[in-house]
**Student:** 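Please read through the structure below; I'll follow up with questions.
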Number of protein chains: 2
Amino acid sequence: MAATLKDVALAAGVSIKTVSNVINDYQHIRADTKQRVMEAISELGYSPNLSARSLRSGRTGVIGLAVPELSLSYFAELADSIIKAAEGRGLKVLIEQTGGDRAHELEILSSPRLQMTDGLLFSPLGMSNEDADHLNVSFPLVLLGERIFGGPTDHVTMSNVESAQAATAHLLSKGRRRIAVVGAHEGEVIGSAGLRLRGYRQALEEAGVPFDPRLLGYTTLWHRSNGATSMRQLLESGVEFDAVFGLNDTLALGAMRVLQEAGRRIPDDVAVIGFDDLDEGRYSLPTLSTIDPGRAEIADTAVRVLQERISSREDDVPPREFEARFRVVERESSALPG
Amino acid sequence: MAATLKDVALAAGVSIKTVSNVINDYQHIRADTKQRVMEAISELGYSPNLSARSLRSGRTGVIGLAVPELSLSYFAELADSIIKAAEGRGLKVLIEQTGGDRAHELEILSSPRLQMTDGLLFSPLGMSNEDADHLNVSFPLVLLGERIFGGPTDHVTMSNVESAQAATAHLLSKGRRRIAVVGAHEGEVIGSAGLRLRGYRQALEEAGVPFDPRLLGYTTLWHRSNGATSMRQLLESGVEFDAVFGLNDTLALGAMRVLQEAGRRIPDDVAVIGFDDLDEGRYSLPTLSTIDPGRAEIADTAVRVLQERISSREDDVPPREFEARFRVVERESSALPG
DNA sequence: TTGAAAGCGCTAACAT
DNA sequence: ATGTTAGCGCTTTCAA
């Protein structure tokens with residue numbers, strides 16, 4: 001059996017309160033008492049029972065992170081950043097995969113199973129703004145992503161519209177006028193696809209370039225294969241274009257592959273830009289221009305804000321919205337004489 | 001304050017034992033009693049306090065997973081599989097990133113911080129066989145990966161030697177004789193690089209093809225960039241080759257990029273095969289032949305074995321070794337008239 | 001500066 | 001079939 005406070009107290013000849021004080025860095029302890037306790041601790045190999053501690057304190061030191069799937073590179077890199085941010089604040093991260101499925105997402109919000117955590121970072125994909133009410137939960141919750149806006153919780157997001165606008169403007173600045181889009185979602189207004197498409201249209205408008213709906217390639221999930229399929233359809237449709245905006249990097253990479261198979265040179269015939277700044281785009285052929293959405297900043301902010309909600313017992317702080325700073329990253333796929 | 005067993009008992013007019021029985025699906029309860037309790041539960045929105053439960057039962061229902069980094073695609077996909085396998089067994093997964101750093105890995109084994117878990121799935125990268133003693137820990141531990149063999153714990157691994165041999169044989173079967181390797185580790189015997197290299201040499205030997213050390217490209221970490229760098233060095237060295245075995249997919253993808261920049265056609269001039277069966281290789285140009293190391297089987301086995309160790313309090317079951325079944329996946333990068 | 005003791009919410013042994 | 005009760009190991013008033 002593992003040693004307990006009592007064992008240590010007995011060995012050190014003090015009360016358990018004193019041992020507890022030592023463990024919790026309480027200030028007013030005589031140096032020699034502390035010394036004796038420390039020795040007993042290491043002698044017995046004592047380490048505190050965290051279940052007991054959290055039963056008592058009501059805190060577990062663990063936060064939950066719910067994402068669609070880790071095999072989607074964006075979420076893997078997000079999880080990486082969040083675990084690092086959490087570590088810096090003494091928190092552990094328990095990961096839950098929703099598969100991007102609305103029912104599964106709702107279940108996580110209501111289920112008592114995700115309990116061993118003090119709060120949740122939640123990145124929905126299947127839910128939409130109409131489900132915002134479901135975010136009214138009794139535990140600390142920080143929303144990530146772009147599926148729901150104006151909900152009842154803190155929200156950390158990227159500057160989707162502005163950065164998509166900047167991506168499009170980047171292609172325009174390279175003299176491109178017929179810019180195809182890969183990854184659009186039929187009829188979506190909110191959500192990464194909807195917002196980024198809005199940025200795309202704003203950039204066109206600003207440049208006085210007419211919007212041509214035939215340039216939009218639709219897909220459902222942003223998996224690699226869908227970028228390829230969508231691009232194949234665009235090519236088959238016969239519509240002309242001299243640039244492609246992949247609504248994320250994976251889509252853009254899939255599209256690039258199809259373009260190259262079809263004999264289009266990148267960036268000469270078709271310039272390409274993606275979105276997310278995945279590591280993968282650094283080593284593709286050609287390297288992929290993209291938007292760095294500020295992932296580290298998102299992770300940092302999200303963990304910080306969640307921790308604030310966990311510690312402050314005031315419920316009356318209104319929900320806040322945070323937008324990370326983005327950056328256009330020019331690589332080979334759009335490197336043209338500006 | 002959240003409702004407790006006591007509150008529910010009071011509301012239902014029964015004792016807490018009865019409520020506890022209902023929650024834990026104890027058999028012998030009168031239907032109407034159960035009914036009443038259920039109603040009280042949903043009325044009060046009761047959900048059990050897991051800290052209390054685990055303090056009492058000694059179980060948390062959470063397992064730890066320690067991997068180098070989720071931004072390495074292999075580990076992201078592994079984590080995905082493991083979370084899914086754990087979910088099927090009613091377990092949650094807490095993820096810890098070691099950065100592949102030996103000191104950090106050792107710390108995780110000794111530190112009392114990773115406590116809120118019942119056991120650990122551990123995939124070291126910095127540790128080596130000499131550190132096997134450190135695996136002698138007091139909590140249930142299942143080792144993953146190929147850094148340590150013959151240690152004191154259960155171990156789930158891939159068939160590195162055999163599958164690397166099969167990968168090499170695959171290239172040989174396509175008539176290739178000068179097979180370069182990307183990702184070798186200087187002097188390594190155990191570890192993914194060492195084992196896969198051994199498989200490579202065995203295949204050569206079996207085919208009567210002489211081993212040429214000039215064909216080995218060395219790298220440290222298996223990041224994308226290193227595959228590119230290593231291939232660049234091979235090209236600069238002037239050594240001739242008609243095929244490349246990337247010791248993992250990321251390396252192979254990086255190498256492919258450099259080959260194409262250098263004007264080599266794949267697979268015509270150079271056939272390429274990787275290792276890991278990452279999703280990414282399905283959409284590269286050309287698509288990447290690879291080894292499917294049986295990730296799902298690894299995840300499944302690892303979680304199952306860990307759970308067995310957690311539940312069985314017998315310490316005398318000797319450590320077991322499991323090897324997943326692999327499969328050669330032929331795609332475009334090695335598609336040649338066999 | 002340290003000690004005594006209550007109790008966090010639950011499970012399980014024991015009792016009825 | 002259901003109730004009583006003793007802790008699990010810890011933090012935390014309250015006292016000394």
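All values below come from the heavy atoms of this structure, side chains included, with hydrogens, waters and symmetry mates left out. In what follows, chains are A, B, ... by sequence order, proteins preceding strands, each numbered from 1.
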**Student:** Rounded to whole angstrom units, what separation is found between the CG atom of B/Leu50 and the C1' atom of D/dC8?
**Tutor:**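 Distance check: B/Leu50 CG to D/dC8 C1' gives 16 Å.
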
**Student:** Would you say C/dT11 has OP1 or OP2 under 4.0 Å from some side-chain N or O of B/Asn24?
**Tutor:**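 So the side-chain polar atoms of B/Asn24 do come within 4.0 Å of the phosphate oxygens OP1 or OP2 of C/dT11, strictly under.
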
**Student:** Grab the CD1-C1' distance between A/Ile23 and D/dT12 for me, whole Å please.
**Tutor:**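 Going from A/Ile23 (CD1) to D/dT12 (C1'), I get 14 Å.
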
**Student:** Would you indicate what B/Leu5 reaches in the nucleic acid, counting non-hydrogen atoms under 4.0 angstrom: base, sugar-phosphate, or nothing?
**Tutor:** base

**Student:** Just how far, in rounded Å, is P of D/dC8 from NZ of A/Lys6?
**Tutor:** 6 Å

**Student:** Does the salt bridge (Lys or Arg N to Asp or Glu O under 4.0 Å) test come out yes or no for A/Arg102 and A/Glu107, once each step is laid out?
**Tutor:** CA-CA 8 Å; A/Arg102 177 171 173 277; A/Glu107 194 200 320; over 6 Å; no

**Student:** So, A/Arg36 side chain and A/Ala12 main chain: donor-acceptor pair closer than 3.5 Å or not?
**Tutor:** yes

**Student:** Return the value, rounded to whole Å, for the distance between atom CD of B/Gln35 and atom P of D/dT2.
**Tutor:**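 Answer to the nearest Å: 13 Å.
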
**Student:** With a 6.0 Å cut-off on the ring centroids, do A/Phe322 and A/His155 count as close?
**Tutor:** no

**Student:** Which comes earlier along DNA chain D counting from the 5' end, the contact point of B/Ala52 or that of B/Lys17, where each point is its nearest nucleotide?
**Tutor:** B/Lys17

**Student:** What heavy-atom pair brings B/Ala302 and B/Leu144 nearest, and what distance separates the two atoms?
**Tutor:** CB-CD2, 3.7 Å

**Student:** Applying a 4.0 Å non-hydrogen cut-off, can you work out what B/Ser54 is touching in the nucleic acid: base, sugar-phosphate, or nothing?
**Tutor:** nothing

**Student:** Students often get this wrong, so: under 4.0 angstrom with heavy atoms, is B/Ser51 touching a base, only sugar-phosphate, or nothing?
**Tutor:** nothing

**Student:** Nearest-Å distance, CG (B/Leu55) to P (C/dT11)?
**Tutor:**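 Atom-to-atom, B/Leu55 to C/dT11, this comes out as 11 Å.
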
**Student:** Once you round it to whole Å, what is the distance between P of C/dG9 and CZ of B/Arg59?
**Tutor:** 24 Å

**Student:** Identify, between A/Ser57 and B/Asp32, the residue whose nearest nucleotide on DNA chain D lies closer to the 5' end.
**Tutor:**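 With A/Ser57 and B/Asp32 compared, the 5'-side residue is B/Asp32.
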
**Student:** Does one side chain, of A/Thr157 or A/Glu146, offer a donor that lies under 3.5 Å from an acceptor on the other?
**Tutor:**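 Distance-only check passes for A/Thr157 and A/Glu146.
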
**Student:** Is a donor on one side and an acceptor on the other found under 3.5 Å between the side chain of A/Arg147 and the backbone of A/Met127?
**Tutor:**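 A pair under 3.5 Å: yes.
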
**Student:** Specify the residue among B/Arg56 and A/Thr18 whose closest nucleotide of DNA chain C lies further upstream toward the 5′ end.
**Tutor:**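 Whichever sits nearer the 5' end wins; that is A/Thr18.
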
**Student:** Between the axis at one end of the helix from C/dT1-D/dA16 to C/dT16-D/dA1 and the axis at the other (five pairs apiece), what's the angle to 10 degrees?
**Tutor:** 30°

**Student:** Using modelled atom types and a 3.5 Å cut-off, is there a donor and acceptor pairing between side-chain atoms of B/Asp131 and backbone atoms of B/Ser128?
**Tutor:** yes

**Student:** Can you tell me if the side-chain N/O atoms of B/Ser20 get under 4.0 Å from OP1 or OP2 in C/dC10?
**Tutor:**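 No, outside the criterion.
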
**Student:** Between C/dG7 atom P and A/Ile16 atom CD1, what is the distance in whole Å?
**Tutor:**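 Going from A/Ile16 (CD1) to C/dG7 (P), I get 15 Å.
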
**Student:** Starting at CZ of B/Arg53 and ending at P of C/dA12, how long is that distance when rounded to a whole Å?
**Tutor:** 10 Å

